2 protein chains.
Amino acid sequence: MITLAEENYLKAILSISLNSDGKVSTNAIAGEIGTSAASVSDMLKKLQDKKLVKYKKYKGVSLTKKGNSFATSVIRKHRLWETFLVNNLNFDWGEVHDVAEQLEHIKSEELVDRLDAFLDYPKFDPHGEPIPTKDGEISTTNTIPLNKLSEGTNGKVMGVTLDEKPFLDYLTKLNISIGTEIKLLEKISFDQSISIKTGNTKQHISNDVAKHLLIKTN
Amino acid sequence: MITLAEENYLKAILSISLNSDGKVSTNAIAGEIGTSAASVSDMLKKLQDKKLVKYKKYKGVSLTKKGNSFATSVIRKHRLWETFLVNNLNFDWGEVHDVAEQLEHIKSEELVDRLDAFLDYPKFDPHGEPIPTKDGEISTTNTIPLNKLSEGTNGKVMGVTLDEKPFLDYLTKLNISIGTEIKLLEKISFDQSISIKTGNTKQHISNDVAKHLLIKTN
DNA sequence: CTAAATTTTTAGATATGTCTAAATCTTTTT
DNA sequence: AAAAAGATTTAGACATATCTAAAAATTTAG
């Protein structure tokens, strides 16, 4: 049996490896989970024993096929539950993360499958993130972060890559959500901040915000 | 913070005290939870420290107002989730217990309230058991167990008091569910088994089955 | 290419919740 | 009312998952 803590470690390792390449470091995991490097070290040994990760001391870690499958399944559950919370229980997209973090650990294949059917097999969650299928496939989209666009380009917001309330609340305040049309007006080289136009409004946002907005160009 | 194990103990204590009076014994709790009397003893001390139960060594235990409130809340969540699973995810009434045992521990007031609204404030769960309201009120019904009815009486099944798959599957096989009209034909004094008529079918069931069927007489 | 800085691991504790076996208290039986 | 039976508690372990502090390995910098 896989425990709740183990599931969280696997999910963290998968998250990190999706945004970087090569082995995942102990410190990166500690940062992601919010625990000490010592605890991570301990846990990596346990995950190794269970054949969920490949781990060499001081050399970082990577998921085995089995570990990847568990991690993907947790992400699938998380995103399906977020979809349910927003679509059916009328939660705001900034309010669902913490509850979904709990719901993702409910153990029942049948439940996940039926929830998926109830939601009519959604492909993306309320943040525009792809929902892995039952077989673990994650659809990719040809989107790029807003901060990588060149000046004068038009596009549409397809997703956000940060699921934290302060960030999502700020986007709501800026009138930005999934589907919003955005034109990149100007990039300031000094601090990488950018000017954008949404509707008839000109706004200025930091690079930290822009890098978490996934854009599909027109 | 109240832990998952503590919630289960409180729920068990409430369940037992609803079906008996006076203090709840260590052994009864051990039986309900499926653990040893020693573990129960340990846990009762912790619950006492948290002011969730009143406990005197060797003298049994009872819930404080605070403990009762937590326990009722867990039962509320359990029954709301069972309702969701049956009504919306098309689970059979015998399949929902184990999943609901997990879902009942999800921590979010907001989630429970919104689920309640989504389900349109149901008063009874799929087994006919009353769902406590947000303020902890549990509606009572004037039903009696089938084995307490007198011969010749007609009535309708309003609920079952056992949420276990083998029992519920057997009822399904007997064509008995919530709403079924039943006439008690004969009580056998030897083993307290009874003959009943449902629709045009005569059937014979044991006292163990009959005592878990709640009947409202016509 | 050594020395300092950083990262990672080990060692030793702590908290939770469980267990078995033994001791103690309570209830029942004779 | 003493002995036996039953229920409950204590004592001592164990597993999980965490922590801090110290040690060891690796990486970076001069």
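Naming: A, B, ... by sequence-line order, numbering from 1 per chain. All values reported here derive from a predicted model rather than from experimental measurement.
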query: Hey, is the side chain of B:Thr35 poking within less than 4.0 Å of OP1 or OP2 on C:dC19, counting only N and O atoms?
result: yes
- request: Begin from the C-alpha positions of A:His78 and A:Asp125 and carry the test side-chain hydrogen bond (donor to acceptor under 3.5 Å, both in side chains) through to its verdict.
  value: CA-CA 9 Å; A:His78 183 98; A:Asp125 76 7; over 6 Å; no
message: Output the rounded distance in Å from CD (B:Glu7) to C1' (C:dT16).
response: 15 Å
task: Take the protein atom CE of A:Met1 and the nucleotide atom C1' of C:dT18, then report the distance between them rounded to whole Å.
output: 16 Å
Partner of B:Glu6 by salt bridge (charged side-chain N to carboxylate O under 4.0 Å, His left out), out of B:Lys50, B:Lys46, B:Lys66: B:Lys50
statement: Given protein heavy atoms under 4.0 Å, the one-letter contact record of nucleotides 9-17 of chain D, with B base, S sugar-phosphate only and - none, is simply BB------B
task: Mind grabbing the angle between the end helix axes of the helix from C:dC1-D:dG30 to C:dT30-D:dA1? Five pairs an end, 10° rounding.
output: 0°
- prompt: Hey, does the side chain of A:Asn27 come within less than 4.0 Å of C:dT8's phosphate (OP1/OP2), counting only N and O?
  reply: yes
- prompt: Side chains of B:Asn27 and B:Ser25: is there a donor and an acceptor less than 3.5 Å apart?
  reply: no
Test of ring centre spacing under 6.0 Å for A:Phe84 and B:Phe84: yes
- prompt: So does A:Lys134 pair up with A:Asp116, basic N to acidic O under 4.0 Å?
  reply: no
task: To the nearest 0.5 angstrom, please state how far the CD1 atom of B:Ile194 sits from the CD1 atom of B:Ile205.
output: 4.0 Å
task: Give a yes or no on whether the backbone of B:Glu129 and the side-chain of B:Arg79 come within a donor-acceptor separation of less than 3.5 Å.
output: no
query: Between B:Leu47, B:Val61, B:Val24, B:Asp49, which is the residue that forms a side chain to side chain contact (heavy atoms under 4.5 Å, CB included) with B:Tyr55?
result: B:Val61
message: Just the rounded figure in Å: distance from C1' of D:dT27 to NZ of A:Lys23.
response: 17 Å
